[in-house]
Amino acid sequence: MRVAVINLTGGDMSGGYRKYLQNILPRMAKHDDVEAILCATPKSIGVQDWFDPMPNVRFVSCKPFRFLFSGHDADLLRELEKFLPDVIFVPVERSFRFRKVPVVNMIQNMEPFVSINGNPLRERFRTWLRRLDARKALKRSNKIIAPSEYIRDFLLHNLNVHGDKIGLVYHGVDLPENKDAHRPDIIPKGWDGQFFFTAGSIRPARGLEDLLLALKHLSAYREKSIRLVIAGESGYRMVGYQKKLKSLAQNNNLSNRICWTGNLNEKEMAWCYKNSQAFIMTSRVESFGMIGVEAMAHGCICVSANSSCLPEIFRDAAIYYPPRDAKALAEVIKTLLVWDNDQCKIMSEKAKRRAAEFSWDICAEKTVAVLAKAARQ
């Protein structure tokens, strides 16, 4: 089977998407059912530099995705003419057509399908365009990969996608065995082991207001020693939103208890996982929640909003609170602060066991199976 992997991004790539490609592409290339792979990505990302040479994988450049011009990349079409794929895999919910070659899409971002309060006007318009294109992509595609049961059920019941068209394929996780950790210089001295941690892109869908307001409630309980490390960046479209969050923190006298680290590398993330009191995930919507699985793999005590797929992913390895209920989140944090070592160890072991159930090898095997079914249609 000859597989074309077309990464239709706007010219950049999220950390989760990058980890997905880094893990899935080499495994697909080694699969007995895969003869060759053509991987197309915007040149600005430099995907080919992430991998050791793979004899049956060829990397080519494609234009950054534009909603109204997604099918007009003449260079990419010429590459596809030479490669002659049996199936095209688009790991995002964007529309692509080439001749009558079967197309498989993967749902990677649920934001186009749900309403997120707090997005600026320009972002709401962009999300509307993404929703239109995503619906077109799902209608045209031969198969759809859903990375969680939540996504599968949404496709079935909200978008009326036939069940035979959907393949449930969980992502994997890199287990942190023997990996180096490096303390981020930006985290204040004296915070080691004395902070709560959260990570991901800074945007309204992440729900960070819950954490900031929970800290405010905890201040009223005289829990002023509670500190928070927030990893991730806002991107240029969300700079104004991050400023609002920082103003919220400043207006509630929380600024000296919050460290905004920006993006952290893998070793710095590992250090934060290992040295935090707990990992807290406040997302309003997720398609899988890879960052949460990473936290579990490091044995983090996890707190999660009970929204979208998160209870499905964490199961009993997290303590839940209702999203947008900062008082409830504050109560969960207060409970964690009085746990003894035995309670912490039990929860940490639950997290590690749950993370071990997610495998990149299984993800690749099931992905190839979905692609093969599409190719036979």
Student: Counting only heavy atoms not in Lys366, do more than 12 sit closer than 6.0 Å to its NZ atom?
Tutor: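 It does not: Lys366 NZ has 12 such atoms or fewer within range.
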Student: Would you list the atom pairs, donor with acceptor, under 3.5 Å between side chains in residues 147-164 and any protein atom, with sequence neighbours excluded?
Tutor:
| from | atom 1 | to | atom 2 | distance (Å) |
| --- | --- | --- | --- | --- |
| Ser148 | OG | Ile151 | N | 3.3 |
| Ser148 | OG | Ser287 | O | 2.7 |
| His162 | ND1 | Asp164 | N | 3.1 |

Student: Distance alone, cut at 3.5 Å: any donor-acceptor contact between the side chains of Arg257 and Ser219?
Tutor: yes
Student: Name all residues meeting the side-chain contact (heavy atoms from CB on, under 4.5 Å) criterion together with Ser359; count only those two or more places apart in sequence or in a different chain, and write none if there are none.
Tutor: Asp361, Ile362
Student: Any side-chain heavy atom of Phe197 sitting closer than 4.5 Å to one from Met269?
Tutor: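 Answer yes - side chains close enough.
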Student: I need the minimum non-hydrogen distance between Ser304 and Ala318, along with the two atoms involved.
Tutor: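 Ser304 and Ala318 have their closest heavy atoms at CB-CB, 4.3 Å.
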Student: Could you check if a side-chain atom of Ile145 sits within less than 4.5 angstrom of a side-chain atom of Phe89, using non-hydrogen atoms only?
Tutor: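 Of all side-chain heavy-atom pairs linking Phe89 with Ile145, at least one is under 4.5 Å.
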Student: Could you list the residues that satisfy side-chain hydrogen bond (donor to acceptor under 3.5 Å, both in side chains) with Gln343, not counting sequence neighbours?
Tutor: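 Here no residue qualifies.
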Student: Mark yes when over 12 heavy atoms from residues, nucleotides or ligands other than Asp340 sit less than 6.0 Å from its CG; otherwise mark no.
Tutor: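 Atom CG in Asp340 is crowded, with more than 12 foreign heavy atoms closer than 6.0 Å.
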Student: Would Arg227 count as a cation-pi partner of Phe196, with NZ or CZ less than 6.0 Å from the six-membered ring centre and within 45° of the ring normal?
Tutor: no
Student: Give the intermediate values and the outcome of side chain to side chain contact (heavy atoms under 4.5 Å, CB included) for residues Val103 and Arg140.
Tutor: CA-CA 8 Å; Val103 175; Arg140 288 180 169 183; over 6 Å; no
Student: Arg122: what forms a salt bridge (Lys or Arg N to Asp or Glu O under 4.0 Å) with it, not counting sequence neighbours?
Tutor: none
Student: Does the side chain to side chain contact (heavy atoms under 4.5 Å, CB included) test come out yes or no for Glu111 and Arg131, once each step is laid out?
Tutor: CA-CA 8 Å; Glu111 285 192 48; Arg131 182 182 302 119; over 6 Å; no
Student: Take Arg18 and Asp12 through the salt bridge (charged side-chain N to carboxylate O under 4.0 Å, His left out) test and state the conclusion after the steps.
Tutor: CA-CA 10 Å; Arg18 174 173 177 154; Asp12 54 5; over 6 Å; no
Student: So which pairs with a foot in residues 286-307 pass ring-ring contact (aromatic ring centres under 6.0 Å, His included), sequence neighbours left out?
Tutor: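 Non-adjacent pairs meeting ring-ring contact (aromatic ring centres under 6.0 Å, His included): His171-Phe288, Tyr273-His298, Phe288-Phe358.
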Student: Among all residues two or more places apart in sequence or in another chain, which pass the ring-ring contact (aromatic ring centres under 6.0 Å, His included) test with Phe51?
Tutor: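 ring-ring contact (aromatic ring centres under 6.0 Å, His included) list for Phe51, sorted by chain: Phe59.
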Student: Restricting to pairs with a member in residues 347-358, which pass side-chain hydrogen bond (donor to acceptor under 3.5 Å, both in side chains), not counting sequence neighbours?
Tutor: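 Qualifying pairs, neighbours excluded: Arg354-Glu357.
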Student: Check the surroundings of atom NZ in Lys274: do more than 12 heavy atoms from other residues, nucleotides or ligands lie under 6.0 Å from it?
Tutor: yes
Student: Under the rule for side-chain contact (heavy atoms from CB on, under 4.5 Å), what residues qualify as partners of Thr198, not counting sequence neighbours?
Tutor: Arg206, Leu208, Leu211, Leu228, Ile230
Student: Just say parallel, tilted or perpendicular for the rings of Trp271 and Phe195, cut-offs at 30° and 60°.
Tutor: parallel
Student: Under a plain distance cut-off of 3.5 Å, with no hydrogens placed, do Gln377 and Asn142 share a side-chain donor-acceptor pair?
Tutor: yes
Student: Going by atom types alone, do Thr41 and Asn7 pair a side-chain donor with an acceptor below 3.5 Å?
Tutor: yes
Student: I'd like to check Asp342 versus Lys345 (side-chain heavy atoms, cut-off strictly below 4.5 Å). Are they in contact?
Tutor: no
Student: State which residues pass side-chain contact (heavy atoms from CB on, under 4.5 Å) with Ser14; sequence neighbours excluded, sorted by chain then number.
Tutor: Tyr17, Gln108
Student: Just jot down the salt bridge (Lys or Arg N to Asp or Glu O under 4.0 Å) partners of Arg126, sequence neighbours excluded, or say none.
Tutor: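 Glu123.
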Student: Considering residues at least two apart in sequence or located in another chain, which fulfil the side-chain contact (heavy atoms from CB on, under 4.5 Å) criterion with Lys63?
Tutor: Asp73
Student: Do Lys19 and Glu294 meet the salt-bridge criterion of a basic N to acidic O distance under 4.0 Å?
Tutor: yes
Student: Decide whether Glu286 and Ser283 meet the rule of one side-chain donor and one side-chain acceptor closer than 3.5 Å.
Tutor: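 Checked: Glu286/Ser283 side chains pair up, N/O donor to acceptor below 3.5 Å.
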Student: I'd like to know whether Asn109 forms a side chain to side chain contact (heavy atoms under 4.5 Å, CB included) with Glu93, so could you lay out the CA-CA distance, the side-chain angles of the two residues, the decisive distance to 0.1 Å, and finally the verdict.
Tutor: CA-CA 7 Å; Asn109 184 1; Glu93 54 294 324; 3.5 Å; yes
Student: Quick test of your reading: applying side-chain hydrogen bond (donor to acceptor under 3.5 Å, both in side chains), list the pairs with at least one residue in residues 74-91, sequence neighbours left out, ordered by first then second residue.
Tutor: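 Passing the test, one end in residues 74-91: Arg58-Glu79, Asp75-Arg78, Glu81-Arg99.
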